[in-house]
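Right, one structure below, let's go through it.
What you see below is based on every heavy atom in this structure, not just the backbone, and it leaves out hydrogens, waters and symmetry mates. Since this is a predicted model, take the numbers as computed values, not measurements.
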Amino acid sequence: MVKQKETFYITTPIYYPSGKFHIGTAYTTVASDAMARYKRLRGYDVRFLTGMDEHGQKIQEVAEAAGLPPQEFVDGIAEGAKKVWRLMDISYDDFIRTTDQHHKASVEKIFQKFLDNGDIYKGEYEGWHCTPCESYFAEAQLVDGNCPDCGRPVQRVKEESYFFNMKKYADRLLAYYNENPHFIEPESRKNEMINNFIKPGLEDLSVSRMSFDWGIKVPGDPKHVIYVWVDALTNYITTLGYASDDDTLFNKYWPADVHVVGKDIVRFHTIYWPIFLMALDLPLPKKVFAHGFIMMKDGKMSKSKGNVVYPEMLVERYGLDATRYFLLRELPFGQDGVFSPESFVERTNYDLANDLGNLLNRTVSMINQYFDGTVPAEGLIETEFDQSLTDFMNLTVEKYEASMEAMQFSTVLGDLWALVSRTNKYIDETTPWVLARDENERGKLASVMSHLVASLRHIAVLLQPFMTNSPKKVIEQLGLEEDSLKWETLGDFNHVPAGVKVIEKGVPIFPRLDADVEIEYIREQMAVTAPKEAEESKEVEYQEVSDEISFEDFMNVDLRVATVTACEKIPKTDKLLKLQVDLGFEQRQVVSGIAEHYEPEALIGEKVIVVANLKPVKLRGELSQGMILAGSSDGVLKLATVDPALENGAQVK
């Protein structure tokens with residue numbers, strides 16, 4: 001009897017098709033794709049869903065502005081989205097559209113069930129509505145009179161409406177949070193939901209509209225359109241056949257293992273969606289993972305600001321793998337990250353061309369030079385450095401698996417690149433060019449070549465969730481078959497059969513970029529979307545400042561407690577570290593001149609004090625959104641720390 005595979009169901013949010021998709025959308029989708037590919041490598045039966053949320057007032061208005069019927073408008077966006085995902089090699093299994101007839105039929109049945117169960121009642125809604133976010137807000141939730149999510153103006157709405165009784169499920173939802181501590185990740189998002197929405201008291205949710213007609217009609221009352229978030233959230237089960245004649249997929253894959261969402265829609269996925277499922281008497285998803293935003297030098301990337309980067313530009317000029325690698329390496333998943341032309345080019349040149357590409361080229365070249373292109377498999381004599389490299393490979397696989405399960409993609413790639421660096425160091429340690437001069441050392445030279453091939457093969461296997469082309473190119477240059485990329489071959493250092501011949505002349509899999517030319521090119525492409533009046537942020541060189549200030553000036557400084565969640569060195573500088581810090585209410589990137597006094601790993605988890613209202617600047621091409629306080633004594637710099645009991649975001653007075 002064939003053992004049934006364990007299932008894994010992962011979803012992206014279904015994207016709102018109000019315009020062309022940018023790298024923020026691509027980031028979410030590539031991250032989900034990497035997780036889906038990893039689980040397939042591990043032998044899981046994976047279901048990967050993405051799609052589009054096509055109803056609502058905003059879509060109707062945008063379509064009218066474009067002079068198109070709403071259906072024709074969203075059809076065009078859907079084709080564009082699928083084209084982008086083909087370009088990005090996204091391995092989705094289903095692409096749902098909320099205009100699909102099977103989805104609409106199931107949503108009507110779900111709404112009717114809510115009515116039949118007494119979860120929905122009819123009343124009158126009066127309050128504030130944000131059309132772009134399709135969200136309702138109480139007066140107290142507004143920020144300076146605007147939408148608390150997107151900052152845009154809201155409109156006062158008064159109309160007959162159906163309401164969902166959210167209060168009925170509030171205690172049950174809070175209990176679920178407590179019983180399932182990993183349901184919402186990162187944990188800071190859970191704290192936001194509890195403190196900002198549940199504890200103050202859940203308001204009943206208006207779940208219908210009468211001011212437009214582009215949507216699914218309320219059963220038996222067609223003058224009402226079903227609230228777009230009821231329509232959208234239920235896609236995760238309607239796509240599997242829930243409330244249809246064939247629910248085979250639903251019974252197989254539900255509950256979802258993880259919903260991947262942006263932090264701006266956490267509330268909908270961790271409050272509304274679980275409550276809808278409770279009302280349907282269905283299991284809740286196992287996890288909702290909320291990632292941060294891709295930030296630009298002038299703040300959050302958005303079409304309204306005109307600072308958008310589109311994935312097509314990056315892929316077509318620099319290749320798919322370089323683009324996917326940057327998105328998942330540079331930006332810590334779960335936190336805000338910064339895109340800049342400088343960081344993109346540096347990652348491509350240093351990590352891909354220099355580190356990985358050069359390692360492959362050196363290995364192929366040496367095997368051709370010393371062994372006529374044949375990978376040595378016999379007569380190997382171990383060197384004093386072989387076991388250390390083997391141990392490092394095994395440890396990397398262990399760390400990789402743990403970090404992948406936690407969806408810490410940046411950490412995974414950091415550890416994998418540590419293996420790349422360790423393998424390059426192995427070449428320097430064993431000095432094969434010296435061994436080649438002495439025939440008596442030929443056995444050791446053979447062992448070195450064998451270990452280099454083994455390490456590169458391991459790297460290729462581990463790269464597969466992130467890069468869809470380069471792993472195959474690596475093993476092709478090593479003369480290996482595609483079976484060498486199977487996950488179960490990890491740890492088998494004798495997997496390379498005798499007589500394998502490497503390619504005669506290696507071809508760089510990541511050509512080195514002319515940094516100045518490419519940085520300028522990316523800036524030019526970004527400028528196409530930027531408002532003409534937008535000013536370039538000022539580049540400043542890092543320097544130590546000790547100017548005196550008055551007491552009144554000091555009282556204007558806003559000091560906040562934060563936790564360091566990630567940290568790394570900035571290339572080409574000895575002083576600077578790039579830290580990601582959790583301020584409780586948001587994630588920020590801060591550049592600090594403490595690299596000579598702290599190793600990056602030692603800072604992760606430390607409580608620090610951040611100057612939170614310092615004007616953002618760029619230091620060596622990196623955005624710094626504040627300053628971390630530190631003191632110096634006898635030339636030794638130490639961070640100013642606080643009582644660990646203080647919560648992130650607490651003001652230091």
Side-chain angles (χ1 to χ4, degrees), residues 16 53-62 64 70 98 104 106-174 193 196-234 264-265 267-280:
Y16 212 51
D53 172 14
E54 299 184 351
H55 288 133
Q57 182 178 357
K58 182 179 179 181
I59 295 300
Q60 182 169 319
E61 291 176 354
V62 172
E64 289 173 354
T98 54
K104 293 164 70 174
S106 294
V107 169
E108 290 173 353
K109 293 177 182 177
I110 289 169
F111 199 93
Q112 186 62 55
K113 188 170 184 177
F114 290 155
L115 285 167
D116 294 343
N117 290 346
D119 291 308
I120 287 179
Y121 61 90
K122 203 172 190 179
E124 185 176 75
Y125 174 78
E126 183 173 6
W128 298 100
H129 180 254
C130 176
T131 300
C133 293
E134 293 288 1
S135 301
Y136 300 95
F137 298 100
E139 183 87 36
Q141 293 176 298
L142 301 181
V143 177
D144 297 328
N146 295 320
C147 172
D149 289 340
C150 71
R152 296 182 180 93
V154 291
Q155 292 79 41
R156 189 74 179 175
V157 175
K158 183 177 181 179
E159 63 184 13
E160 181 182 271
S161 178
Y162 286 89
F163 288 84
F164 192 101
N165 185 356
M166 306 297 283
K167 300 183 184 74
K168 176 180 174 181
Y169 296 93
D171 290 342
R172 184 174 165 187
L173 178 63
L174 192 57
M193 297 304 104
N196 296 345
F197 297 100
I198 298 178
K199 282 188 175 179
L202 279 180
E203 297 290 331
D204 286 352
L205 179 67
S206 173
V207 290
S208 74
R209 296 292 307 279
M210 295 178 63
S211 55
F212 63 96
D213 61 4
W214 177 239
I216 303 172
K217 304 298 189 293
V218 169
D221 197 354
K223 65 179 180 292
H224 286 267
V225 171
I226 295 174
Y227 176 46
V228 70
W229 276 103
V230 176
D231 175 5
L233 289 166
T234 52
D264 54 332
I265 54 173
R267 177 173 81 257
F268 306 101
H269 285 81
T270 61
I271 295 179
Y272 299 168
W273 180 224
I275 286 178
F276 293 160
L277 289 167
M278 288 175 180
L280 294 170

**Prompt:** If you measure only the distance, is there a donor-acceptor pair under 3.5 Å linking the side chains of Gln57 and Glu61?
**Reply:** yes

**Asked** Do you know the tightest heavy-atom contact between Phe114 and Ala279?
**Response** CE2-CB, 3.7 Å

**Prompt:** Is it true that atom NZ of Lys109 has more than 12 heavy atoms of other residues, nucleotides or ligands lying nearer than 6.0 Å?
**Reply:** yes

**Item:** Any side-chain heavy-atom pair of Phe111 and Val207 under 4.5 Å
**Value:** yes

**Request:** Looking only at non-hydrogen atoms, find the nearest pair between Gln155 and Pro153 and report the distance.
**Result:** NE2-O, 3.7 Å

**Tyr272 side chain vs Met166 backbone, donor-acceptor pair below 3.5 Å** = no

**Request:** State, with a plain yes or no, whether a side-chain heavy atom of Arg156 is found less than 4.5 Å away from one of Trp128.
**Result:** yes

**Item:** Residues Trp214, Lys58; criterion side-chain contact (heavy atoms from CB on, under 4.5 Å); working and verdict
**Value:** CA-CA 9 Å; Trp214 177 239; Lys58 182 179 179 181; over 6 Å; no

**Request:** Look up atom CD1 in Ile198 and atom CD1 in Ile271, then write down how far apart they are to the nearest 0.5 Å.
**Result:** 4.5 Å

**Message:** Test side-chain contact (heavy atoms from CB on, under 4.5 Å) on Tyr169 and Leu202; report intermediate values, then the result.
**Reply:** CA-CA 9 Å; Tyr169 296 93; Leu202 279 180; over 6 Å; no

**Message:** Taking the side chain as everything from C-beta on, heavy atoms only, tell me whether Lys168 gets closer than 4.5 Å to Asp119.
**Reply:** yes

**Item:** Side-chain touch Leu205/Phe163, heavy atoms, less than 4.5 angstrom
**Value:** no

**Asked** For the residue pair Val225 and Phe212, what are the closest heavy atoms and their distance?
**Response** CG2-O, 3.3 Å

**Prompt:** Does Thr98 use its side chain to pair, donor to acceptor, with the backbone of Glu54 at less than 3.5 Å?
**Reply:** yes

**Request:** Please step through ring-ring contact (aromatic ring centres under 6.0 Å, His included) for the pair Phe276 and Phe164, ending with a clear verdict.
**Result:** CA-CA 9 Å; Phe276 293 160; Phe164 192 101; 5.2 Å; yes

**Atom pair CD1 (Ile216) and OG (Ser106), whose distance is rounded to the nearest 0.5 Å** = 9.0 Å

**Request:** Go through Ile120 and Asn165 one step at a time and tell me if the side-chain contact (heavy atoms from CB on, under 4.5 Å) criterion holds.
**Result:** CA-CA 6 Å; Ile120 287 179; Asn165 185 356; over 6 Å; no

**Asked** Are His224 and Glu160 linked by a side-chain donor-acceptor pair shorter than 3.5 Å?
**Response** yes

**Message:** Using 0.5 Å steps for rounding, measure from the SG atom of Cys130 to the CZ atom of Arg152.
**Reply:** 6.5 Å

**Asked** Does the salt bridge (Lys or Arg N to Asp or Glu O under 4.0 Å) test come out yes or no for Asp213 and Lys223, once each step is laid out?
**Response** CA-CA 8 Å; Asp213 61 4; Lys223 65 179 180 292; over 6 Å; no

**Request:** Would you check if Lys113 and Ile110 make a side-chain contact, meaning some heavy-atom pair closer than 4.5 Å?
**Result:** no

**Message:** On a heavy-atom basis, which atom in Gly145 and which in Val154 lie closest, and how many Å separate them?
**Reply:** O-CG2, 3.6 Å

**Item:** Between CE on residue Met193 and CG on residue Leu174, distance to nearest 0.5 Å
**Value:** 13.0 Å

**Prompt:** To the nearest 0.5 Å, what is the distance between NE2 (His269) and CH2 (Trp229)?
**Reply:** 5.5 Å

**Request:** Kindly indicate, with the supporting measurements, whether the criterion side-chain contact (heavy atoms from CB on, under 4.5 Å) is fulfilled by Ile226 and Lys217.
**Result:** CA-CA 6 Å; Ile226 295 174; Lys217 304 298 189 293; over 6 Å; no

**Message:** Tell me the closest heavy-atom pair linking Met210 and Glu159, and the distance in Å.
**Reply:** N-OE2, 3.4 Å

**Message:** Could you walk me through whether Tyr121 and Tyr162 satisfy the ring-ring contact (aromatic ring centres under 6.0 Å, His included) test, starting with their C-alpha distance in whole Å, then the side-chain angles of each, then the deciding distance to 0.1 Å, before giving a yes or no?
**Reply:** CA-CA 6 Å; Tyr121 61 90; Tyr162 286 89; 9.2 Å; no

**Request:** Count the heavy atoms belonging to other residues, nucleotides or ligands that lie under 6.0 Å from CG of Asp171, then report whether that count exceeds 12.
**Result:** no

**Item:** Minimum side-chain heavy-atom gap Ile275-Leu173 below 4.5 Å
**Value:** yes

**Cationic N near anionic O, under 4.0 Å, Lys122 to Asp221** = yes

